[in-house]
K.L.:
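Starting off with a structure, shown below.
In the text below, chain A, chain B and the rest are named by the order of the sequence lines, each starting its count at 1.
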There are 2 protein chains.
Amino acid sequence: MDTATRALEIAERLAQTRGFNGFSYADIADELEITKASLHYHFESKADLGLALIERYTDGFKGALAAITGDASTRLRRYAKLYEDVLVRDRMCLCGMLAAEYSTLPRSMQDAVRRFFDMNDEWLTRTLDRGRSAGVLGFDGTALEAARVLTAGFEGAMLLARSYSEPARFAVTAKRLLAHLNGSTAARGSRAKQSRAAARPVRRAAAHR
Amino acid sequence: MDTATRALEIAERLAQTRGFNGFSYADIADELEITKASLHYHFESKADLGLALIERYTDGFKGALAAITGDASTRLRRYAKLYEDVLVRDRMCLCGMLAAEYSTLPRSMQDAVRRFFDMNDEWLTRTLDRGRSAGVLGFDGTALEAARVLTAGFEGAMLLARSYSEPARFAVTAKRLLAHLNGSTAARGSRAKQSRAAARPVRRAAAHR
DNA sequence: GTCTATAGGTGGATAGAC
DNA sequence: GTCTATCCACCTATAGAC
């Protein structure tokens, strides 16, 4: 692997764990065992490095999405798994992290972050629409709205799970977010407005406080 | 207002917009029109300032939660409104922002960030449980799990809405997240697994792509 | 491609006068 | 409480030799 790529892999890990403003050329150079000056040969400025980082990440994600098969319900579970795979490596979604730092980023990086989320919106919207048409999924409103609930929920769940070092928090939340779309479960069919707590004691275990 | 408090207000705004690692003593001192040295008189270290920031924010939020009245459904809408009020001032939730930077924060601040989310978990869990018992809300699983779906969704929606300068993204997502709990709406009652798209054309306007 | 050396700036923090 | 002056570590970035 060439030096530029190795630099990107190190930078990616640092950006996902500490944020783009949380690491420096020195951190990367030290790990590569080259000097900061040499690193500037590969990436003239940190903004250039950052842009390359996002575009590489987006391409990788696009490839992962393209590799997802199955019916809509399965696809969504696999989509959630992509996030979970990032989290279990103790990382935040790169673009979720950059979204937090958004106002401090150079314009080129801001635009690239948006493109990542736009890509997610498109993939999810398509998947949700097809799932609903096929009768596999059920949800109100537009598919785009439902897509954004998922993205917000997944990104937020990652953010919080990381603060507690509890990847399971993500898994539980992701599962429930997907359950809202899964019209075919027994739970949905049997649930009513009125208090059914007493009727389903098994699901009430371990409530907080 | 005394200097320390004014410093905290400025720091709070900067932390919510740029992150804790995105501002410096110089930024605050410049706005206050005092020197950095004077600021160190009020807050010996940036870690001290950061801790005071979170504790003040948490206290304020706790007060806002205590002031919320109404049935469970109304309370949840008002809870969402608290987040929206932050967002429309072009800010991220302070602790959501700090959660992103979590691994770079001093231990004292990390613990305080967790306490903020623990407080939210408790308030939401209590509200959700009461709402379900009263028959106002309907949801599967534990109230704690449902609470965390809301927190994750709200924090994530704020994060994304800010990257697009579109507060409406938050409002739409928040509304849908709450709708999942509102067993009494006509939508829930009428929705089925099978594709009902054709039956509800009015809700299908403006799909993405 | 990688190095040494350095520029020019900013970070948080402290000493001590007023 | 606020100041001047200063420290030292770190930041991104560049010039120019090898």
K.L.:
May I ask you to decide whether B:R91 forms a salt bridge with B:E12, counting only side-chain N to carboxylate O separations under 4.0 Å?
P.N.:
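A salt bridge is present here (some side-chain N lies under 4.0 Å from a carboxylate O).
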K.L.:
Scan for ring pair (Phe, Tyr, Trp, His ring centres under 6.0 Å) pairs involving residues 98-118 of chain B, sequence neighbours excluded, and state none if there are none.
P.N.:
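Matches after skipping sequence neighbours: B:Y57-B:F116, B:F61-B:F116.
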K.L.:
Go through the side-chain N and O atoms of A:D30 and A:Y25 and say whether any donor and acceptor fall under 3.5 Å apart.
P.N.:
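No.
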K.L.:
Mind checking which nucleotides bracket the chain B contacts on DNA chain C, 5' to 3', with an atom under 4.0 Å from a heavy atom?
P.N.:
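Contacts span C:dG11 to C:dA15, reading 5' to 3'.
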K.L.:
Using the side chain to side chain contact (heavy atoms under 4.5 Å, CB included) definition, which of the options A:R115, A:M109, A:R114 pairs with A:I54?
P.N.:
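The residue from A:R115, A:M109, A:R114 that satisfies side chain to side chain contact (heavy atoms under 4.5 Å, CB included) with A:I54 turns out to be A:M109.
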K.L.:
Which residues pass the side-chain hydrogen bond (donor to acceptor under 3.5 Å, both in side chains) test with A:S165, not counting sequence neighbours?
P.N.:
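With neighbours one apart ignored, the set is empty.
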K.L.:
Look only at the side chain of A:Q16 and the backbone of A:M92, and say whether a donor-acceptor pair between them is shorter than 3.5 Å.
P.N.:
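Yes, A:Q16 side chain to A:M92 backbone: donor-acceptor pair under 3.5 Å.
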K.L.:
Which ones in residues 37-50 of chain B lie close to DNA chain C, meaning a heavy atom under 4.0 Å from one of its atoms?
P.N.:
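Those residues are B:A37, B:H40, B:S45, B:K46.
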K.L.:
In residues 20-35 of chain B, which ones come under 4.0 Å of DNA chain C, going by heavy atoms?
P.N.:
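Listed by number, they are B:F23, B:S24, B:Y25, B:A26.
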K.L.:
Could you list all the salt bridge (charged side-chain N to carboxylate O under 4.0 Å, His left out) pairs where at least one residue sits in residues 71-84 of chain A, not counting sequence neighbours?
P.N.:
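Qualifying pairs: A:K81-A:D85.
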K.L.:
Any side-chain donor-acceptor pair under 3.5 Å between A:D90 and A:T17?
P.N.:
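No, no side-chain donor-acceptor contact under 3.5 Å.
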K.L.:
Are A:K175 and A:F170 in a cation-pi contact, defined as NZ or CZ under 6.0 Å from the six-membered ring centre and within 45° of the axis?
P.N.:
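No.
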K.L.:
With B:Y79 as reference, evaluate B:T127, B:N120, B:L178 under the side chain to side chain contact (heavy atoms under 4.5 Å, CB included) test and give the passing residue.
P.N.:
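When side chain to side chain contact (heavy atoms under 4.5 Å, CB included) is applied between B:Y79 and each of B:T127, B:N120, B:L178, only B:N120 qualifies.
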